[in-house]
Trainee: 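Here it is, the structure in full.
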Amino acid sequence: MSKAGVAAPFCPQVRFSGAGGGVAALAAGDLSSGLAAMLAARVGSSADAALPRAEMRIDLGDSVASAHAAPIALEGDSFDVSRAGGGAGSILIRAGTERGLIHAASNLLEKLGAQFPPGAAPSYPRIDSARVGALEAWRVTPAFKRRAFVSDIMTWNYNFADRLDLHLRHDREFIPWMARRGINAFSYICHAHDTRLKIDEIAPLLRERAIDVEYGGHVLQLLLPRERFAERPEYFPAGDDGVRIARGNLCVSNPDAVAIVRAGALAYVHDHPENRLLHIWGADVWRGAWCRCGRCRELPPQIQYMTVVNAIAGALAEDSNAPPIAYLAYHDTIDPHPALRPLDNVWFEWAPRERCYSHAIDDPACEINPHYLESLKRYIEIFDGRGHVFEYYADAILFCGLGFATPAVVARDLRAYRSLGVTSISCLTFGAYSAMAYPVNLEAFVRGSRDPDFEPATTLADISSGRHPRCAPEMAAAYRAVERASKLCLDYGDVMRPLMPSEKAVRKRDELREAALTFNEAIAAADQIALSLDTPLADAEKDLWRYSSDVLAGLSDYLGARGEAGADRRIRGKAAIAKVAGAIERIREIDPEIKGTWGAYDLEWIREIWLSALARGLDGDGKPPEELF
Ligand SMILES: [Zn+2]
Ligand SMILES: [Zn+2]
């Protein structure tokens, strides 16, 4: 109270260290603008050279307490919020790193009621100033040290200026969201035909937030340039018939071929010192990429691959600035070979793409996941605990563009990974499409990477209110239906590849039909939203669920047709494929600003591959799925 007994306007001030880079300033700016919106007051932020680099203060009263707080140990991106000074005093925010301050700022605003949903603007509800003064101390130590998102570079469609611009508009919203939610690394996946290994246009957005960048991906093919094939076919892998082919990886029994790949990798490391983890992966195929020549054919894929990775790692071991190397456990390397002997700077990167997402990874009731969990445990043993887990909770390709939500699976998975000692976790994303189709999973992932004991049902409700403030109850009911539908669909790998043993196909046919009907429940829930409300995000998600329902109904019919014999099989099968194909019209209705480049362009070419594989599946009885798809 002022002397005259009139309440003075409450005008807290944010101070940050002037000594650091711009990261603390950005965190302080986020905090002051959020507080200003919530308090409807002016909240300044200013540099104070007396503060340590990874510290901010919110001064609540007139008297500014500058006394140094007793030091505390904060590991990594951990942060601690406490009170300093007497009277109104200050709120003291300290982190182990400057980027930890960004996460701390949004976490403080969350405690006051702000929300940071993926794919939508933050919300800053009006609050009483007393709530700021009443904040109690707390501390956050993220459960996982590396918390990463991963994307395929090609999905930026960087050869088309307008498509690239569309993706960049999403990035300008999504990258600040990542930082606020505590994500601390971003990894680019390069494919053989890519001409870029990163997106330069977003580098400043990541750098300003001190988000680590990681390069690599399916680069072995690039490290042995295909132009060498004409003069040096012996560098390249041989097929079963002994004939050398320009596709695939390399002949690891040829020391010159290994030397070329190693030199290429070293040049890569040298040219990109900002790269924090070098992902050296083989060709993105099921099998056939490793060499079957007379000298290699006795070597399993895991051993051939490790030969190359260790050759690179050995050359980098002397350089203390060099990043560690990731060995991808995926497809034909998902099971560890007991003879694997990784060097100390090699980490496994375990990517269980075809696992079941209807169950958690450690659910013994699942018919698929126990094998995967066993593979992970053996990798952990062989690599002495050095490992990353690469997850697919927002994978638009695996999920074939359908909308899904599995927050309880994400939660239990992350608890299982953490209990095995894994401290590095990543999630594949497809830009705006993932935010539209998997917002609950994205939120579950960021919450769980900080604390895997988060509550999945609350997450689902929070995403409904954060993304859909005007129709939260209807959308929460819809998301719950989507979650039920997800459980019925996600136990056979790629959703658009429903090839499985006939016994399972009989069951799955009914389950996919039920899932289609469950998506209709989601649509019916969203139909309860008052027509007078303008809800473009909800409308887009409703179109997505119509697509999902139509595709699943078509796939159910398809499984029915495959169970038939004779002419019926083709007639009914073709009708089923036509139903799946026609579903795309629902996605075409959606605004490109919401579905992003993947929904507008990539889905259009990828679906042709899925559809022609479905057609081949009608006459390809008896062939293994990987030869049909
Ligand atoms: Zn060979
Ligand atoms: Zn399962």
Side-chain angles (χ1 to χ4, degrees), residues 220-221 223-224 226 228-229 232-262 282-283 287-311 332-334 352-376 391-393 395 398-399 404-413 416-417 441 483-495 497-501 503-505 507-508 510-512 514-515:
L220 270 181
Q221 290 162 293
L223 295 174
L224 180 61
R226 305 289 118 167
R228 308 285 307 249
F229 185 74
R232 292 289 186 188
E234 69 273 23
Y235 290 174
F236 290 79
D240 261 333
D241 52 5
V243 177
R244 303 277 170 180
I245 43 173
R247 296 191 307 275
N249 298 316
L250 72 157
C251 175
V252 299
S253 298
N254 186 307
D256 293 338
V258 173
I260 289 170
V261 168
R262 182 177 57 213
R287 53 192 164 99
W290 291 104
C291 188
R292 304 278 296 154
C293 81
R295 284 182 295 168
C296 293
R297 68 166 55 232
E298 298 307 319
L299 303 174
Q302 299 93 321
I303 300 296
Q304 293 193 33
Y305 180 27
M306 186 57 81
T307 303
V308 189
V309 169
N310 270 346
D332 57 3
T333 58
I334 190 72
R353 189 173 184 279
E354 284 75 26
R355 58 163 284 194
C356 167
Y357 286 97
S358 298
H359 296 102
I361 198 74
D362 66 342
D363 189 335
C366 179
E367 59 192 18
I368 299 165
N369 290 344
H371 177 85
Y372 281 92
L373 187 66
E374 199 47 42
S375 124
L376 175 60
E391 267 296 357
Y392 294 88
Y393 303 129
D395 184 350
L398 178 67
F399 299 153
F404 289 117
T406 62
V409 169
V410 175
R412 184 164 164 183
D413 279 359
Y417 294 145
N441 280 10
E483 186 180 19
R484 289 196 300 279
S486 305
K487 191 167 174 57
L488 295 164
C489 306
L490 299 180
D491 63 348
Y492 62 92
D494 293 72
V495 172
R497 200 173 110 166
L499 293 189
M500 58 196 82
E503 201 174 296
K504 182 165 177 177
R507 188 185 85 210
K508 193 47 59 183
D510 292 341
E511 288 176 347
L512 294 186
E514 194 186 332

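In listed order, ligands and their atoms are each counted from 1.
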Trainee: Tell me whether Asn254 contacts the main-chain N or O of Ala257 through its side chain, where contact means a donor paired with an acceptor under 3.5 Å.
Mentor: yes
Trainee: Any donor-acceptor pair under 3.5 Å linking the side chain of Asp491 with the backbone of Cys356?
Mentor: no
Trainee: I need the SG(Cys296)-the Zn ion (ligand 1)-SG(Cys251) angle, rounded to 10 degrees.
Mentor: 110°
Trainee: Evaluate the side-chain proximity of Phe399 to Leu490: yes if any heavy-atom separation is below 4.5 Å, no if none is.
Mentor: yes
Trainee: Rounded to 10°, how big is the angle at the Zn ion (ligand 1) from Cys291 SG to Cys293 SG?
Mentor: 100°
Trainee: Determine which of the N, O or S atoms in His359 is closest to the Zn ion (ligand 2) and give its atom name.
Mentor: ND1
Trainee: May I ask you to decide whether Asp256 forms a salt bridge with Arg228, counting only side-chain N to carboxylate O separations under 4.0 Å?
Mentor: no
